[in-house]
Amino acid sequence: MRQNLRDMKTVQEPRKEDNRPKRRHIFLRIDSWIDSTVWSAGFRLAEWWEDTTIFFRRFRVRGWKKALFEVLGEGMTLGAAGSVLMLALALPAFEETTGNWRAQSDFAVTFLDRYGNEIGHRGIIHEDSVPIDELPDHLIKAVLATEDRRFFDHWGIDFLGLARAMTENARAGGVVQGGSTLTQQLAKNLFLSNERTIERKIKEAFLAVWLESNLSKKEILRLYLDRAYMGGGTFGAAAAAQFYFGKAITDVNLAESAMLAGLFKAPARYAPHVNLPAARARANEVLSNLVQGGLMTEGQVIAARLTPASVVDRAQVKAPDFFLDWAFEEVQRIAAPFAQHSLIVRTTIDMGLQQAAEEAVESGLRQYGETYKVKQGALVMVEHGGAVRAMVGGRDYGESQFNRATRALRQPGSSFKVYTYAAAMEKGMKPETVVVDAPITWRGWSPQNYARKYAGRMTLMNALARSINTVPVRLAKDKLGTEIIAETAKRMGIETPIRTDKTMPLGTSEVTVLDQATAYAVFPAGGFQSRRHGISQILNYDGDILYDFGRDATPARRVLSEEAASSMNRMLTQIPVIGTARRAALDNGIVTGGKTGTTQAYRDAWFVGFTGDYTTAVWFGNDDYTSTDEMTGGSLPAMTFKRLMDYAEHGIEHRAIPGIEAPSEPAKQQPAETAKKDDNALPPLVRPRSLSADVTRLLKKIGGTFEKAQPLKARERPGGKVAVLETPSQGSHIRPLRNTTNN
């Protein structure tokens, strides 16, 4: 009974905590709110989608309209993607405009060779650029009729003209008409090179639009007439008029204007001082363009047809244009801080060696071009001390102003191996250090030798002479690392950025011919910087010396230890004797060192060599990177080197190569396998003897004495008829001088 009462009491009197809201009720409310909210949102979204679908059903098309809208939709999608792509392509082009691209017009430079003879000009102030409004009307019409008839109608790119050119070229089965506008040609002249690549054409198109957006049509036309190459080493119509006709551009007649306008297409082919009949025939085409374009009538041009232009005789004038382009860049870099930009520049070029270099490259291409299927070559010669004595940037400057000696980036092949061996010598190795020529795999890459054979144990000297591939890779993998090799090459003078991937020891990172000549010149310099330079002095027109290389240049610093340089010279001088460069061995026992280079698929062939006096880098290949017919560095490049260096070393006092005590024995006989294409060796260049070596030595000694002598100071004596000549180290003595009194 009592128990039941207690139970009833418990039921009637709940616990105190039961009076508080249950926590679970809160969670139930939240869950209910989420469910209702999600359901409501989904319901409303479904209603909105149904309403939207019903609305757009009104615009549903069928049949041909549906196909049209599908095409337009896909076009918009592709257009959006294309816009992003075009922006990505445009960024590199617009980077070209970030510098002071007008700076060239601020300079007017007269160039002299090493002996003080005038060799050319660069810049436009020199020829007094003439405003467009002051130029003869028939000259402007002749240029526009020939180069860009729709110049005032397009915005940098003429799509109608491009379509017309493509049609004409398709009919002719070849390139007979160009589609580039005058603005595109100016963009190439201002910002780009003449290298024929897709990248360059894309940049050219974007830059043409940029020029049209930032310059007026008159400014574009004036810049084009001032900057275009006109043959004969002249740039701009004003300079060409003075050079070819001996008159100011404002005074040229219609026949002369037509001849000038015809030069823009191919200045080397139509230069009147080289081929007057071709120039006159081209001028006649320009006159026809004037009539066909509706700019003149036949009656207005008939007199110019019957009386073609005559030119000043300039047959003997030939400027080293590739060198002058590079030297002009050097002048702008050095003289940028100077207040005066109208300058006289004494360069380092030796015109005798320059002509010999041009002839060596051209004769090699003429004799072996078809055999090896090679069309281009480049060469740089540097004298001991760093002076650039010769530069060949291509076969024909008038055909292409692209300087392959300073701008073309080409794989050096085995000629790059010297930097690996130089780094090894710096690490304490010797030419007699024994290494193993055997199969090797590095990061999944297994390089092979040229002959697909392995020789086992050999010395580093033998490995370099035979151009073994596995040895430099093994040195890079086990001893050096690619970073050290790249740093060594950079320290020696390679200015082009070097990739440090695993294939780099075999020469897959691109360099220039000028880079190679600069770096190899360290070896005959005994391990010191070569201090490559093309400018000796810069003067203003008052005769003040603004820059002197001997005075202002940084002294050469050591980049290879004396022992490492000596070891490298010992190895490199054996390559023309027992190695791959036997065709490069010079006559008369003159010691020669160097290294050949041949890239994959025979695209590039190199020989870079030196004596105690000169270092010369030679490259042959094709601009479009097509393969040659198995041309190696030991063939045409080595023969070209020998032909030029035999000429350069003739009749001079020879300087010894550091570390080489006695001349190496010249190669007496070539193996049969290397001589099969050497039956018609390049004929030697004959250098006229003007002074004997003894006389040359004596004159140099006398010149050195005068340079070291203290300058004399003149002080007038009373009476004005005598003066005292004093030197800081000697007493005064009296000598009669000219009468200083007024007459």
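Computed from a prediction, not measured in an experiment: that's the story for all the values here.
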Does the side chain of S467 come under 3.5 Å of the side chain of S414 through a donor N or O and an acceptor N or O?
-> yes
List the steps, then state whether side-chain contact (heavy atoms from CB on, under 4.5 Å) holds for F523 with T615.
-> CA-CA 9 Å; F523 299 127; T615 300; over 6 Å; no
Nearest non-hydrogen partners of P320 and I349, listed with the distance | CB-CD1, 3.6 Å
Which atom of I484 lies closest to which atom of A423, heavy atoms considered = CG2-CB, 4.1 Å
Check whether any side-chain heavy atom of Y368 sits under 4.5 Å from a side-chain heavy atom of M639, and report yes or no.
-> yes
State plainly whether the residues D321 and R122 are in salt-bridge range, i.e. N to O under 4.0 Å.
-> yes
Taking C-beta and beyond as the side chain, do Y614 and L644 meet within less than 4.5 Å on heavy atoms?
-> no
Note: H533 and G385 closest approach over all heavy atoms is CE1-O, 3.6 Å
So, do F323 and F111 have ring centers that fall under 6.0 Å from each other?
-> no
I would like to know whether V361 and R395 meet side-chain contact (heavy atoms from CB on, under 4.5 Å); could you show each step before the answer?
-> CA-CA 8 Å; V361 172; R395 191 169 188 177; 6.0 Å; no
T616 side-chain N/O to G609 backbone N/O, donor-acceptor pair under 3.5 Å = no
Is the shortest distance from a Lys or Arg side-chain nitrogen in D623 or R404 to a carboxylate oxygen in the other one below 4.0 Å?
-> yes
Minimum heavy-atom distance T599-G413, with the two atoms named = CG2-N, 3.7 Å
Rounded to the nearest 0.5 Å, what's the gap from CG on D515 to OG1 on T496? Could you check?
-> 3.5 Å
Taking side chain as C-beta onward, heavy atoms only, is V511 less than 4.5 Å from W606?
-> yes
Do D501 and W445 touch side chain to side chain, with heavy atoms closer than 4.5 Å?
-> no
Nearest non-hydrogen partners of A405 and A378, listed with the distance | N-CB, 4.0 Å
Decide side-chain contact (heavy atoms from CB on, under 4.5 Å) for L379 and F641; before the verdict, give the C-alpha distance in whole Å, the side-chain angles of both, and the deciding distance to 0.1 Å.
-> CA-CA 9 Å; L379 179 151; F641 170 88; over 6 Å; no
Donor-acceptor pair, N403 side chain versus R407 backbone, under 3.5 Å?
-> no
If only atom types and distance count, is the side chain of R570 paired as donor or acceptor with the main-chain N or O of M461 below 3.5 Å?
-> no
Flag yes if more than 12 heavy atoms outside K479 fall under 6.0 Å of its NZ atom; otherwise flag no.
-> no
Can you find a heavy atom in the side chain of E426 that is under 4.5 Å from one in the side chain of T488?
-> no
May I ask you to test the T512-T406 pair for a side-chain heavy-atom distance under 4.5 Å?
-> no
Given side chains that start at C-beta, do those of T348 and R389 come closer than 4.5 Å, heavy atoms only?
-> yes
Side chain Q529, main chain R557, donor-acceptor under 3.5 Å | yes
Roughly how far, to the nearest 0.5 Å, is the OH atom of Y602 from the CG atom of N622?
-> 15.0 Å
Short side-chain donor-acceptor distance under 3.5 Å, S415 and Q516 = yes
Could you grab the distance from atom NZ of K375 to atom CG of D624, nearest 0.5 Å is fine?
-> 6.5 Å
Any sub-3.5 Å donor-acceptor pair from S635's side-chain atoms to M631's backbone N or O?
-> no
In this structure, are over 12 heavy atoms from other groups packed under 6.0 Å from Q448 atom CD?
-> yes
Go through the steps for Y454 and I468 under the test side-chain contact (heavy atoms from CB on, under 4.5 Å), then give the verdict.
-> CA-CA 9 Å; Y454 304 96; I468 301 298; over 6 Å; no
Modelled atom types, side-chain donor and acceptor of E358 and Q354, under 3.5 Å | yes
Do we get R410 above Y625's six-membered ring, with its NZ or CZ under 6.0 Å from the centre and within 45° of the axis?
-> yes
For the residue pair F322 and Y397, does the interplanar ring angle fall in the parallel (under 30°), tilted (30 to 60°) or perpendicular (over 60°) class?
-> perpendicular
Determine whether more than 12 heavy atoms belonging to other residues, nucleotides or ligands lie under 6.0 Å from atom CD of Q600.
-> no
Does the T596 side chain pair with the main chain of G634, one donor and one acceptor, at a distance under 3.5 Å?
-> no
Distance, nearest 0.5 Å, that separates NE2 of H654 from CD1 of I590 = 4.0 Å
Do the charged groups of K490 and E487 touch, with an N to O distance under 4.0 Å?
-> no
Hey, could you give me the OG1/CZ distance between T592 and R582, rounded to the nearest 0.5 Å?
-> 14.5 Å
For the side chain of K417 and the backbone of P472, is there at least one donor-acceptor N/O pair under 3.5 Å apart?
-> no
Close side-chain approach of D613 to R655, heavy-atom, < 4.5 Å = yes
From CG (L353) to CD (E383), nearest 0.5 Å | 8.0 Å
Would K188 and E204 pass as an ion pair if we require N to O under 4.0 Å?
-> no
Nearest heavy-atom pair of F610 and G594: which atoms, and what distance?
-> CE2-N, 4.1 Å
Side chain S530, main chain T518, donor-acceptor under 3.5 Å = yes
Can you tell me if D437 uses its side chain to pair, donor with acceptor, with the backbone of A455 under 3.5 Å?
-> yes
With a cut-off of 6.0 Å (strictly less than), are more than 12 heavy atoms of other residues, nucleotides or ligands near CZ of R457?
-> no
With a 4.0 Å cut-off, would you call D587 and K642 a salt bridge?
-> yes
Among side-chain atoms of S446 and T441, is any donor-acceptor pair under 3.5 angstrom?
-> yes
Polar side-chain atom of N449 near backbone of N469 as donor-acceptor pair, under 3.5 Å | yes
